[in-house]
4 protein chains.
Amino acid sequence: MPKVTEAHLEARRQQILEAASSCFARKGFHHSTMHDICAEAQLSPGAVYRYFSSKEEIIEAMAEEERVRALGYIEAAKQRGDTLELLNELANVFFGVVEDEWQQMCKLDIEVWAEGLRNPRVMGLVRRTFDSHLESFAEIVRMAQERGDINPALDPEAVAHVMMSFFEGLVLQKGMDPGIDVPNYVAVMKAMMKGTFWTGRTLEGS
Amino acid sequence: MPKVTEAHLEARRQQILEAASSCFARKGFHHSTMHDICAEAQLSPGAVYRYFSSKEEIIEAMAEEERVRALGYIEAAKQRGDTLELLNELANVFFGVVEDEWQQMCKLDIEVWAEGLRNPRVMGLVRRTFDSHLESFAEIVRMAQERGDINPALDPEAVAHVMMSFFEGLVLQKGMDPGIDVPNYVAVMKAMMKGTFWTGRTLEGS
Amino acid sequence: MPKVTEAHLEARRQQILEAASSCFARKGFHHSTMHDICAEAQLSPGAVYRYFSSKEEIIEAMAEEERVRALGYIEAAKQRGDTLELLNELANVFFGVVEDEWQQMCKLDIEVWAEGLRNPRVMGLVRRTFDSHLESFAEIVRMAQERGDINPALDPEAVAHVMMSFFEGLVLQKGMDPGIDVPNYVAVMKAMMKGTFWTGRTLEGS
Amino acid sequence: MPKVTEAHLEARRQQILEAASSCFARKGFHHSTMHDICAEAQLSPGAVYRYFSSKEEIIEAMAEEERVRALGYIEAAKQRGDTLELLNELANVFFGVVEDEWQQMCKLDIEVWAEGLRNPRVMGLVRRTFDSHLESFAEIVRMAQERGDINPALDPEAVAHVMMSFFEGLVLQKGMDPGIDVPNYVAVMKAMMKGTFWTGRTLEGS
DNA sequence: CATGAATGAGGCTTCATTCAT
DNA sequence: AATGAATGAAGCCTCATTCAT
């Protein structure tokens, strides 16, 4: 029987991860020192190293958390049968997050992307995130094509990639400039999605 | 080595910048040491510091080069009057780049985005890149709306943002996974753009 | 190593300062590397940088210590009412220091003077040292003049400057050549001071 | 027959030495880079290295120049037979130098002293300077003692040391603060010298 | 379990010096 | 003889990590 409950351990982990996220969003992975993270978490280095064996591991754990969170968003939205509604839902989920938190999330995502370029573990996480999103989107597209909602000439995977771009581009642009007009962005996004829908005319496509 | 031509100096600068780009794309800004860059450029530290007064400055110069290059792409494409053709052109320009170089460019872009989050100078460059792209796109959209090509209910700026996402998303996805099927991606992109064109039906916009 | 007493921290500081002094006296500020100081203090660079944030700061702290020490000497001597006795006292204080330590002190002083020429902070310290000595001497002279001991035609400040020269010159000469005959030097110094005393003849002052 | 006259070579040497002196007085030996010196001398590094094989050598040459100049001062003054007049002469010589040049000279002296502590060659120069001054002063004192001007109980060498302090202290104090009142300083100095003169009373001395 | 002082490898940068032109 | 671009050793400092208390 450990002296501390499992829950307490997990709470400490979270505490560190949150401190790290805050630092990372503010200063980036490489400008955030372990000292910064310790200070933010109000913990000593020794304590932090009880929960994570390296800074790398903290980054990875943080990226993993992001992945799970993002997965949650899309899973929640996927419940909606209607294709267009999915975008609404995703947008709503995004809107549900407090502004500051969202901004931080965007920055962390960008940071994680860059980190993925040289840390294979992080890359793995990013790819898994991308792949699961891709798969979700592709499935939706395929269903819509079967229903005749979407032009069957379009490659479902490719549509999924573009849909991902909608969100990744928004994350990037909001990360760089929080002032972007999101509702209008979503409106355009939906108009474009709607435009890919079957309209009786053949979309020559390319 | 006595006084040397201006061209030689500029060539050296390029040599260093290319070496740096190569390192940065391979290992990221923060894992590339000056030593790495020097080795890649086949130059001594002292020589490199004749041309750039800090690693930071190399990063910034590199980001600036990226900005100018990106600007060139879109300017070249903007010559085309037809709205849809713009996408073709941009895609062609992208395709015109050798595969490896493109891949490297994508990685550098991602790297630069992340760097922008904490280096105000780099952020400035990124913002300027984004802004000039945005403006180009918005102008195209406005012209298309005047011609009746695009639904006038859509905010031109917002459309521009989404168009930027098309490309940024592609850059990100290709950066993370070079295997992405670009032609199909472009096809979908064009289909979606075409879908925003005026079709006689009102796009309610949300 | 957990939290440690305030005294221990101060002891470490002293340990570093002493190591630095030793290096500085032996090799000068600019030929003493941080590595030298660390080795002398038997501490790692990281440890030293916990206590001083730069080599510069070590130099300044050392100069400040010298200042305080010098202040102590003169303050101790000032207790003596009799004018001539002051010189005796100062000389005694000097003699009270172990030979090696004195030699080191002289070298450090010379080093600090030179450093003062380009480090404004050090210059500030040197000036303050000089000023407080000057003031002490001038006060003594004024009192001696009131008692009729010293020719009232002489500017007390100027006398103080010359008195300072007695000591600074000795420091310099001993720093350059430890073999100087100090007792004889002091004897002459006192004879000269005595000579400025009122003797019934008017000293025309030039 | 060299392409350049001996005189031209010497002129270049002087040009470099003057540039170096200027830099050294302004920034000290160790903060003056060869680049600084080259810039000040309007010469390229290669050119400078034709005349001096190292920075060290420039420092030493400069110190040697200072030594010779100082020697000239005292030699000039020594012509005067009268003891007190020597001080007048030395003071006059000092006064004869333009203010700025003097200030620079003081700083260089201080710099040279410090450098002497760790460069045996420079130390040799300083010692030689000191020794020749000492000898000159001692000789004067001995002569004065023979004439009965100065208390014969005083060690001529010791008096010489103190006389040197008069000047070294002034150099130091003026180096640190150009505002010092030199005429008054000299007046006191002379009063003190006069006080060591034989007055009929025995100066108990020590 | 926690603390935080200490470690030390390694990064960025400077600058005295060289040498091809 | 002069030039100035290039060299590369070495210095200062940071920071992820450890471990005695």
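All values below were derived from every heavy atom in this structure, side-chain atoms included, with hydrogens, water molecules and symmetry-related copies excluded. In what follows, chains carry the letters A, B, and so on, assigned in the order in which the sequence lines appear, proteins first and then strands, with residues in each chain numbered from 1.
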- Task: Give the rounded distance in Å between these two atoms: NZ of C:Lys55 and C1' of E:dT14.
- Result: 13 Å

- Task: Measure from CD1 on C:Ile59 to C1' on F:dC12 and round the result to the nearest Å.
- Result: 12 Å

- Is E:dT17 paired to anything, Watson-Crick or G-U wobble with both distances less than 3.5 Å, and if yes, which nucleotide? F:dA6

- Message: How about CZ on C:Arg26, more than 12 heavy atoms from neighbouring residues, nucleotides or ligands closer than 6.0 Å, or not?
- Response: yes

- Message: Quick one, A:Glu111 with A:His30, criterion side-chain hydrogen bond (donor to acceptor under 3.5 Å, both in side chains). Give me CA distance, side-chain angles, the key distance, then yes/no.
- Response: CA-CA 10 Å; A:Glu111 205 68 38; A:His30 301 288; 5.9 Å; no

- Between A:Ile37 (CD1) and F:dA16 (C1'), how many Å, whole number? 10 Å

- Message: With nearest nucleotide decided by heavy atoms, which residue, C:Val48 or B:His30, maps closer to the 5′ end of DNA chain E?
- Response: C:Val48

- Query: Closer to the 5' end of DNA chain E via nearest nucleotide, is it B:Met34 or C:Gln42?
  - Reply: C:Gln42

- Query: If you take all heavy atoms of C:Leu125 and C:Glu60, which pair is closest and at what distance?
  - Reply: CD1-O, 3.5 Å

- For the pair made of CD1 in D:Ile58 and C1' in E:dC15, what is the distance, rounded to whole Å? 14 Å

- Sugar-phosphate only, base, or nothing, as touched by A:Ser53 at under 4.0 Å among non-hydrogen atoms: nothing

- Between B:Pro45 and C:His35, just flag the one whose closest nucleotide in DNA chain F comes earlier from the 5' side. B:Pro45

- Message: I need the CG-P distance between A:Leu9 and E:dC1, as an integer number of Å.
- Response: 5 Å

- Task: Please state whether the phosphate of F:dA2, meaning OP1 or OP2, lies under 4.0 angstrom from any side-chain nitrogen or oxygen of D:Arg12.
- Result: yes

- Item | Interatomic distance where OH belongs to C:Tyr49 and C1' belongs to E:dA9 [whole Å] | 15 Å

- For atom NE2 of A:His35, is the number of surrounding heavy atoms from other residues, nucleotides or ligands below 6.0 Å larger than 12? no

- Item | Under-4.0 Å side-chain N/O to phosphate OP1/OP2 contact, D:Tyr51 with F:dA2 | yes

- In whole angstroms, how far is the P atom of F:dG4 from the CZ atom of D:Arg50? 15 Å

- Query: So, is B:Ser44 close to the F:dT7 phosphate, meaning a side-chain N or O under 4.0 Å from OP1 or OP2?
  - Reply: yes

- Query: Partner of E:dA9 by Watson-Crick or G-U wobble geometry, both contacts under 3.5 Å, or none?
  - Reply: F:dT14

- Can you check salt bridge (Lys or Arg N to Asp or Glu O under 4.0 Å) on A:Glu64 and A:Arg13, steps first, answer last? CA-CA 13 Å; A:Glu64 169 66 7; A:Arg13 251 185 83 94; over 6 Å; no

- What integer distance in Å separates B:Glu6:CD from F:dG4:P? 13 Å

